[in-house]
Amino acid sequence: MSLHLPRAASAVLIALTGLIGCDGLFTGESVARFPLTQNAAGGYAPIRVSLGPDMNPVALNLHVEYAASATEAGKWNSYRATLSKAGTPVKSAEFRVNNTSDPMSPNAQVVSATMLIVDVAEVADYELAIEATAPIAVTLANPQLELRKNIRRAEK
């Protein structure tokens with residue numbers, strides 16, 4: 001029994017280490033989820049969201065599903081998310097959605113990625129644009145934007 005304890009402890013440590021940097025996904029309070037519409041270029045149609053300083057810091061997360069696929073396993077899509085107010089960019093960042101599925105698994109995988117963490121200066125309607133920065137390699141389904149408010153920032 002004590003022989004398995006170090007392995008179990010190592011597995012827990014590895015799992016917890018994987019959560020570092022995921023504050024935008026797991027801390028704060030989920031405010032809303034909005035469906036996203038894919039555009040012809042592989043990104044998503046811009047979406048308007050109302051944000052305010054009382055929500056800071058705010059995480060903008062992408063939630064998607066993908067099927068297990070031998071041809072797509074190990075590939076990824078690259079995107080740039082840009083949050084703008086009245087046409088002026090507030091913050092922009094690049095991110096990836098990786099297909100880490102096992103091609104033998106029949107189940108769809110659900111993946112979440114923090115696109116942006118932002119502090120807004122005033123209550124306003126903001127626009128989020130998500131554009132593909134490379135050709136699409138992974139077929140995604142059920143894309144959603146999740147807003148989380150008052151998240152905890154990673155300690156530096």
Side-chain angles (χ1 to χ4, degrees), residues 8-67 72-101 107-156:
S10 295
V12 168
L13 183 59
I14 290 169
L16 290 175
T17 302
L19 294 177
I20 294 173
C22 296
D23 295 329
L25 298 172
F26 301 112
T27 67
E29 179 184 339
S30 182
V31 176
R33 281 193 186 214
F34 304 97
L36 297 172
T37 304
Q38 191 166 20
N39 62 29
Y44 297 94
I47 185 168
R48 290 196 180 278
V49 293
S50 294
L51 304 174
D54 62 318
M55 301 171 76
N56 290 337
V58 178
L60 299 141
N61 299 320
L62 176 67
H63 294 275
V64 293
E65 298 174 2
Y66 57 81
E72 293 184 358
K75 296 183 180 180
W76 61 86
N77 294 347
S78 298
Y79 298 97
R80 179 179 304 107
T82 303
L83 186 68
S84 301
K85 183 177 139 267
T88 303
V90 173
K91 188 165 186 178
S92 183
E94 293 190 6
F95 68 98
R96 287 183 173 178
V97 175
N98 300 323
N99 183 329
T100 59
S101 68
N107 299 327
Q109 304 292 315
V110 177
V111 65
S112 299
T114 297
M115 298 178 286
L116 294 171
I117 295 177
V118 64
D119 288 302
V120 296
E122 60 184 311
V123 174
D125 287 338
Y126 293 80
E127 182 177 87
L128 176 67
I130 305 166
E131 62 180 310
T133 59
I136 298 301
V138 178
T139 304
L140 302 176
N142 194 25
Q144 298 176 18
L145 166 66
E146 178 197 29
L147 294 180
R148 292 189 77 84
K149 69 177 185 175
N150 307 127
I151 65 154
R152 184 186 73 231
R153 290 192 189 275
E155 294 181 22
K156 295 183 179 184

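In this chain, numbering begins with 1 at the start of the sequence shown. All of these numbers come straight from a predicted model, not from anything done at the bench.
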(message) Keeping Arg148 on the side-chain end and Gly28 on the backbone end, is there a donor-acceptor pair under 3.5 Å?
(response) yes
(message) Check whether Asn150 reaches the backbone of Asn56 with its side chain - one donor and one acceptor, N or O, closer than 3.5 Å.
(response) yes
(message) Quick one, Val49 with Val58, criterion side-chain contact (heavy atoms from CB on, under 4.5 Å). Give me CA distance, side-chain angles, the key distance, then yes/no.
(response) CA-CA 12 Å; Val49 293; Val58 178; over 6 Å; no
(message) Between Gln109 and Thr100 (side chain of the first, backbone of the second, donor and acceptor by atom type, cut-off under 3.5 Å), is there such a pair?
(response) no
(request) Could you check if a side-chain atom of Pro57 sits within less than 4.5 angstrom of a side-chain atom of Ile117, using non-hydrogen atoms only? (result) yes
(message) Within this structure, what is the CG-CG distance for the pair Asp54 and Leu51, rounded to the nearest 0.5 Å?
(response) 9.5 Å
(message) Quick test of your reading: applying side-chain hydrogen bond (donor to acceptor under 3.5 Å, both in side chains), list the pairs with at least one residue in residues 75-84, sequence neighbours left out, ordered by first then second residue.
(response) Asn77-Tyr79, Arg80-Glu94, Arg80-Glu131, Thr82-Ser92
(request) For the residue pair Ser50 and Val123, establish whether any side-chain heavy-atom pair is separated by less than 4.5 Å. (result) no
(request) Flag the pair Leu128 / Leu116 as yes when at least one side-chain heavy-atom distance between them is below 4.5 Å, and no otherwise. (result) yes
(message) Please report the interatomic distance CG(Leu147) to CE(Met55), rounded to the nearest 0.5 Å.
(response) 5.5 Å
(message) Measuring from atom CG of Asn39 to atom OG1 of Thr37, what distance do you get when rounded to the nearest 0.5 angstrom?
(response) 9.5 Å
(message) Are Val111 and Leu140 packed together at the side-chain level, in the sense that at least one heavy-atom pair is separated by less than 4.5 angstrom?
(response) no
